[in-house]
Amino acid sequence: MGAFMSKVEEGLNKPRVKKARNRMSKLVSTAWWLGGHGVWTVMTSVIVLAVPVFFEYEKECQMFEQMAQMQGAQMAAAAP
């Protein structure tokens, strides 16, 4: 087992492997940064653009329900 570990350690210390490891680390950190900023942008856009539309839609639905109740009450009152 010791010989295997020393071979693995020797392989990890090669310049090409070190360079690949550094590049992969940079790629992962850049992807993490970009992903975080992308999520922040999307969520901020949803809050600013979509939430007011949702509230307006709910208000309009309530208005139509009230109109339907008033028409129902008028229709019931009109029929003797």
Side-chain angles (χ1 to χ4, degrees):
M1 186 71 179
F4 174 73
M5 292 304 288
S6 65
K7 288 282 189 185
V8 169
E9 194 173 307
E10 181 182 309
L12 289 176
N13 288 329
K14 289 185 178 179
R16 290 180 67 189
V17 175
K18 281 185 179 181
K19 189 175 185 180
R21 191 175 359 165
N22 288 339
R23 284 183 178 176
M24 187 60 72
S25 174
K26 180 72 172 169
L27 176 69
V28 168
S29 67
T30 301
W32 185 260
W33 177 85
L34 186 62
H37 282 74
V39 168
W40 181 84
T41 302
V42 168
M43 293 310 295
T44 302
S45 298
V46 166
I47 291 169
V48 170
L49 300 173
V51 170
V53 172
F54 174 74
F55 283 131
E56 197 63 33
Y57 176 75
E58 286 296 318
K59 191 163 63 168
E60 190 173 335
C61 286
Q62 287 177 354
M63 182 187 70
F64 281 126
E65 287 176 7
Q66 287 176 349
M67 285 176 44
Q69 286 176 353
M70 287 175 27
Q71 284 178 350
Q74 287 176 352
M75 294 295 279

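Below, all heavy atoms of this structure are taken into account, side chains as well, without hydrogens, waters or symmetry copies.
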Is the backbone N or O of Thr41 less than 3.5 Å from a side-chain atom of Ser45, with the two atoms forming a donor-acceptor pair by type? yes

Results of salt bridge (Lys or Arg N to Asp or Glu O under 4.0 Å) for Glu56 - residues two or more places apart only: Lys59

Heavy atoms only: give me the nearest Pro52-Ile47 pair and the separation to one decimal. CD-O, 3.6 Å

Enclosure of Met43 CE (heavy-atom neighbours >12, cutoff 6.0 Å): no

Is there a side-chain contact between Leu12 and Lys18, using heavy atoms and a 4.5 Å cut-off? no

Is the count of non-hydrogen atoms from other residues, nucleotides or ligands lying under 6.0 Å from Glu58 atom CD greater than 12? yes

Look up atom NZ in Lys7 and atom CE in Met5, then write down how far apart they are to the nearest 0.5 Å. 14.0 Å

Could you give the distance from CG (Asn22) to CE (Met24), rounded to the nearest 0.5 Å? 11.5 Å

